[in-house]
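Notes for the one structure printed next.
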Amino acid sequence: MKVSPSLLSADFADLRKDIEMINASECDYLHLDVMDGVFVPNISFGFPVMKAVSKICDKPLDVHLMIVEPQKWIPQVRDLGAEIMNVHQEACLHLHSCVQQIHAAGMKAGVTLCPATPVATLTDIIEDLDLVLLMSVNPGFGGQPFIRHTLRKVEELRALRDATGSKAEIEIDGGVNLNTGRELADAGAEVLVAGSYVFGADDPKATIAALKAL
């Protein structure tokens, strides 16, 4: 299992300490949740913070834009050195064009679905994607309980991927812990985003290692 801890739950008064923990851990990515207060009912952080983080983080950046018109920010995400740029299906009027632009900028393209958005909406684009992120909570705030029907959506996404020959990895964000992580792994998830469960743990590195072992 790959693990992508979410910076949203880090200690913003001492980000360097938490980034150093991330660097020393077994995690695969650092997940950056960008919120604009329009697409989601919260504002998180912007490019000045992400630029500072990118300079000291050794892990690949998994940038998740929970914002309207995410295509406008492709050059800035690229300039961070991000490996993955993740946009919401619900926020992109021309999703295929946005995915093409992300690839042209040299990044992997991910598309995120909110809990009420059916997996079938990706039928005509999944072959072009490197990653699909299923939100297992409503986007906007950390620490929410896991939405159970996400397990069924993971199975549906696996079936769609198999039917189309897509290589897109399946990532899950929201309410992830060892129990839900184990269920998600059994359903076919391949990347787990965890925020408060990692950064709020007594031993974050051990928590990341436990998730990796699922």
Side-chain angles (χ1 to χ4, degrees), residues 1-11 18-33 57-64 66 82-86 88 108-115 117 119 122 126 129-214:
M1 181 65 71
K2 294 182 180 179
V3 178
S4 187
S6 173
L7 187 72
L8 188 65
S9 297
D11 181 0
D18 280 348
I19 298 301
E20 288 173 350
M21 180 277 293
I22 289 293
N23 289 342
S25 77
E26 297 179 35
C27 76
D28 300 273
Y29 304 105
L30 177 62
H31 193 82
L32 304 179
D33 288 305
C57 184
D58 297 335
K59 302 291 184 176
L61 301 181
D62 172 17
V63 178
H64 177 195
M66 289 182 261
E83 180 168 315
I84 302 168
M85 178 170 166
N86 226 309
H88 270 260
K108 293 180 180 178
V111 169
T112 304
L113 300 182
C114 290
T117 304
V119 165
L122 298 180
I126 192 167
L129 303 182
D130 301 292
L131 181 143
V132 175
L133 171 58
L134 299 179
M135 293 298 301
S136 43
V137 299
N138 286 297
F141 297 92
Q144 299 181 64
F146 180 75
I147 295 174
R148 299 289 307 171
H149 82 257
T150 307
L151 296 169
R152 184 182 72 245
K153 289 182 74 172
V154 173
E155 294 172 351
E156 292 172 358
L157 182 55
R158 279 186 64 191
L160 177 61
R161 187 179 67 178
D162 292 346
T164 58
S166 169
K167 303 299 183 184
E169 289 190 293
I170 300 173
E171 184 176 41
I172 311 298
D173 184 358
V176 170
N177 54 43
L178 273 184
N179 292 328
T180 58
R182 189 172 293 108
E183 291 180 285
L184 288 163
D186 291 341
E190 296 156 321
V191 186
L192 298 178
V193 177
S196 54
Y197 186 66
V198 167
F199 288 102
D202 292 335
D203 189 340
K205 287 194 291 184
T207 300
I208 289 170
L211 291 171
K212 281 279 295 178
L214 291 174

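Here the closest non-hydrogen pair linking Pro5 and Val198 is CB-CG1, 4.3 Å. Between Ile170 and Gly188, the closest heavy-atom pair is CD1-O, 3.9 Å. Among all heavy-atom pairs drawn from Ala189 and Leu192, the shortest one is CB-CD2, 4.5 Å. Scanning all heavy atoms of the two residues, the minimum distance from Val154 to Ala187 falls at CG1-O, 3.5 Å. The two residues Gly175 and Val137 come nearest to each other via the heavy atoms N-CG1, 3.8 Å. Here the shortest heavy-atom pairing between Tyr29 and Glu169 reads OH-OE1, 3.8 Å.
The SG atom of Cys114 lies 10.5 Å from the CG atom of Leu134; values are rounded to the nearest 0.5 Å. Here the CG-NZ distance, from Asn86 to Lys108, works out to 12.0 Å after rounding to the nearest 0.5 Å. Taken from CG in Leu113 to CG in Leu122, the straight-line distance is 4.5 Å, to the nearest 0.5 Å. The CG atom of Leu214 sits 11.0 Å away from atom CD of Glu183, with the distance rounded to the nearest 0.5 Å. From Ile147, atom CD1 reaches atom CG of Leu151 across 11.5 Å, with rounding to the nearest 0.5 Å.
With hydrogens and angles disregarded, a donor-acceptor distance shorter than 3.5 Å links the side chain of Ser166 to the backbone of Ile126. Within the 3.5 Å criterion, the main-chain N or O of Asp58 finds a donor-acceptor partner in the side chain of Asn23. Side chain of Ser136 to main chain of Asp173: a donor-acceptor pair is present (N/O by atom type, distance under 3.5 Å, no hydrogens or angles).
Under the rule for a side chain to side chain donor-acceptor pair (under 3.5 Å), Asp18 has no partner lying at least two apart in sequence or in another chain. Remark: Thr150 pairs with no residue by the side chain to side chain donor-acceptor pair (under 3.5 Å) rule, at least two apart or across chains. Here Lys212 pairs with Asp28 under the salt bridge (Lys or Arg N to Asp or Glu O under 4.0 Å) rule; sequence neighbours left out.
Looking at Thr207 and Tyr197, their side chains come closer than 4.5 Å, going by heavy atoms from C-beta outward. The closest side-chain heavy-atom distance from Asp130 to Ile84 is not below 4.5 Å. Considering only heavy atoms from C-beta on, Ile208 comes within 4.5 Å of Met21 through its side chain. Within the 4.5 Å cutoff, no side-chain heavy atoms of Glu26 are placed close to those of Val3. Considering only heavy atoms from C-beta on, Pro139 comes within 4.5 Å of Pro115 through its side chain.
A salt bridge does not link Lys2 with Glu171: every distance from a Lys NZ or Arg NE/NH1/NH2 to an Asp or Glu carboxylate oxygen is 4.0 Å or more. Between Arg161 and Glu190 there is a salt bridge, with a side-chain nitrogen of the basic residue lying less than 4.0 Å from a carboxylate oxygen of the acidic one.
Using modelled atom types, one finds a donor on one side chain and an acceptor on the other under 3.5 Å when comparing His31 with Asp33.
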Practice task
Would you sort out whether Asp62 and Leu133 count as a side-chain contact (heavy atoms from CB on, under 4.5 Å), showing the intermediate values?
Solution key: CA-CA 11 Å; Asp62 172 17; Leu133 171 58; over 6 Å; no
Handout entry: Worked check of side-chain contact (heavy atoms from CB on, under 4.5 Å) between Phe146 and Asn179
Key = CA-CA 10 Å; Phe146 180 75; Asn179 292 328; over 6 Å; no
Handout entry: Step-by-step side-chain contact (heavy atoms from CB on, under 4.5 Å) determination, Val193 to Ile172
Key = CA-CA 6 Å; Val193 177; Ile172 311 298; over 6 Å; no
Exercise for the section: I would like to know whether Met135 and His64 meet side-chain contact (heavy atoms from CB on, under 4.5 Å); could you show each step before the answer? Expected result: CA-CA 11 Å; Met135 293 298 301; His64 177 195; 3.6 Å; yes
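Taking a 6.0 Å sphere around NZ of Lys205, one finds it holds 12 or fewer heavy atoms contributed by other residues, nucleotides or ligands.
Of the candidates Glu155, Lys153, Arg158, Val119 forms a side-chain contact (heavy atoms from CB on, under 4.5 Å) with just one, namely Lys153.
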